[in-house]
There are 2 protein chains.
Amino acid sequence: MLTIGDLSKATGVKVPTIRYYEQMGLISPAERSEGNQRRYSSEERERLAFIRHARDLGLTIDAIRALIDLSQHPERPCRDADRIAAEQLATVRRKIARLRKLEAELERITSHCHSDQISDCYVIRALANHDLCHDDHD
Amino acid sequence: MLTIGDLSKATGVKVPTIRYYEQMGLISPAERSEGNQRRYSSEERERLAFIRHARDLGLTIDAIRALIDLSQHPERPCRDADRIAAEQLATVRRKIARLRKLEAELERITSHCHSDQISDCYVIRALANHDLCHDDHD
DNA sequence: CTTGATGCTCAAGGGGCTTGAGGTTTTATG
DNA sequence: CATAAAACCTCAAGCCCCTTGAGCATCAAG
């Protein structure tokens, strides 16, 4: 049996975060030692690794909960799980698209600033005046 | 003079957000009408547009406050403003790099899922087992 | 003068944790 | 076996950047 600290090291999820996940119902309440400390089996380590991986991929707590529910009904079709992952992929792509525009804009702003004085600073002027933007990054 | 609603429409910043910015000291407390309602001049509209633009580019409230401080000392060198923008650019680039990895991983996960049953779902298996990943997206 | 839109303040919520205080249990060492 | 350090516990609050809601006041149009 693992202590919460062992589990934390094994999965890379911080100790308070593990307790938080328990509170949020992502993992079921752990068994306790005689002195009321949490004890985990390797099954629980696997589930936490699953959660960690999904969080790393940017899935929300709610989406992860849905996936866990699905995984507990092995006869259900795969489509739902696929849809959750696909939605996340779409979200990630939207974020990338947006960040690319920000990148272009910031690049332009910083590379144009050759002045010495704030009064003539391109950064400040560009921020004050959206019209100086080439793209509509909003 | 603009009401807070007019200002909101003019800048795209929501009414409660304007009040929040005032509370946070990003904009100075507005003049008031006889009936205690906020009234804004076009100067204040410009400052709010500046804030909006900077937020859109992902700058934090603190960074924006720093830029506003700078812009009020026209004789100071431009370097500081440039540094703030450059830091934001670096942050954006880091985010893009990370999201690209997530994109690749999610793409791979979703496109491999041809099964009908959760029990054999690649999405679930891939999330459960980080070793199935091609990249170290953590 | 009434009505409906807009405004006000103050407090709480939300996501996903993190941090802190104040106390108990476990483990390593003497 | 006694002690001390490390790890654990609970509960509450903090963080960022707003958003939402309740309950009331003001304003512009008809």
Side-chain angles (χ1 to χ4, degrees), chain A residues 1-27 29-40 44-45 48 50-68 84 87-88 91-92 95 98 102 138, chain B residues 1-27 29-40 44-45 48 50-68 84 87-88 91-92 95 98 102 138:
Chain A
M1 297 295 263
L2 304 165
T3 67
I4 197 169
D6 296 339
L7 182 64
S8 171
K9 269 169 219 146
T11 59
V13 179
K14 288 184 189 159
V15 169
T17 307
I18 296 174
R19 290 196 276 250
Y20 170 75
Y21 286 163
E22 178 181 315
Q23 213 182 315
M24 292 299 100
L26 279 192
I27 54 184
E31 280 180 56
R32 299 294 180 125
S33 73
E34 294 207 353
N36 196 37
Q37 298 193 353
R38 289 172 179 81
R39 292 293 181 267
Y40 297 93
E44 282 152 318
R45 198 199 59 220
L48 189 57
F50 177 101
I51 294 168
R52 164 94 214 256
H53 193 184
R55 282 296 298 142
D56 280 340
L57 290 171
L59 294 160
T60 64
I61 300 276
D62 274 358
I64 295 171
R65 216 193 314 266
L67 284 173
I68 289 175
I84 290 171
E87 269 167 19
Q88 182 56 20
T91 301
V92 166
K95 281 186 188 165
R98 179 170 155 72
L102 299 192
D138 291 355
Chain B
M1 298 295 262
L2 304 164
T3 68
I4 196 168
D6 296 338
L7 183 63
S8 171
K9 269 168 219 147
T11 59
V13 178
K14 287 183 189 160
V15 169
T17 307
I18 296 174
R19 291 196 275 248
Y20 170 76
Y21 286 163
E22 177 181 315
Q23 214 182 314
M24 292 300 100
L26 279 191
I27 54 183
E31 281 180 55
R32 299 294 181 122
S33 73
E34 294 208 353
N36 196 36
Q37 299 192 352
R38 288 173 179 81
R39 291 294 180 267
Y40 297 93
E44 282 152 320
R45 197 199 59 220
L48 189 57
F50 177 102
I51 294 169
R52 165 93 212 256
H53 193 184
R55 282 297 299 143
D56 280 341
L57 290 171
L59 294 160
T60 64
I61 300 275
D62 274 358
I64 295 170
R65 215 193 314 267
L67 285 173
I68 289 175
I84 290 172
E87 269 167 20
Q88 181 56 21
T91 301
V92 166
K95 282 187 188 164
R98 180 170 154 71
L102 299 192
D138 290 355

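Numbers restart at 1 for each chain; the letters A, B, ... are given by sequence-line order, proteins then strands. On a predicted model such as this, the values are computed, not experimentally measured, just so you know.
- Nearest-nucleotide positions on DNA chain D for B/T60 and A/D6 put A/D6 closer to the 5' end.
- B/K9 is linked by a side chain to side chain contact (heavy atoms under 4.5 Å, CB included) to nothing, counting only residues two or more places apart in sequence or in another chain.
- Listed by first then second residue, pairs satisfying salt bridge (Lys or Arg N to Asp or Glu O under 4.0 Å) with a partner in residues 57-66 of chain A read A/D62-A/R65, not counting sequence neighbours.
- Within residues 11-24 of chain A, the residues having any heavy atom closer than 4.0 Å to DNA chain C are, in order of number, A/K14, A/P16, A/T17, A/Y20, A/Y21.
- A residue-by-residue look at B/G35 and B/I61 shows that B/I61 has its nearest nucleotide of DNA chain D further toward the 5' end.
- Residue A/R52 comes nearest to A/T11 through the heavy atom pair NH1-O, 3.3 Å, listed as atom of the first residue, atom of the second, then distance.
- Partners of B/T3 by side-chain hydrogen bond (donor to acceptor under 3.5 Å, both in side chains), not counting sequence neighbours, listed by chain and number: B/D6.
- In this structure, B/E31 has no side-chain hydrogen bond (donor to acceptor under 3.5 Å, both in side chains) partners at least two apart in sequence or on a different chain.
- With sequence neighbours excluded, the residues satisfying side-chain hydrogen bond (donor to acceptor under 3.5 Å, both in side chains) with B/E44 are B/S41.
- Bounding nucleotides for the chain B contact on DNA chain C, 5' to 3', at a heavy-atom distance below 4.0 Å, are C/dG7 to C/dT9.
- B/R38 meets the salt bridge (charged side-chain N to carboxylate O under 4.0 Å, His left out) test with B/E22; sequence neighbours excluded.
- Looking at residues two or more places apart in sequence or on another chain, you find a salt bridge (charged side-chain N to carboxylate O under 4.0 Å, His left out) between A/E87 and A/R83.
- Qualifying side-chain hydrogen bond (donor to acceptor under 3.5 Å, both in side chains) partners for A/S8, counting only residues two or more places apart in sequence or in other chains: none.
- On the nucleic acid side, DNA chain D contacts chain A at distances under 4.0 Å to non-hydrogen atoms, with the end points of that region at D/dC8 to D/dT10.
- For B/Q37, the side chain to side chain contact (heavy atoms under 4.5 Å, CB included) partners are B/S33, B/R39, not counting sequence neighbours.
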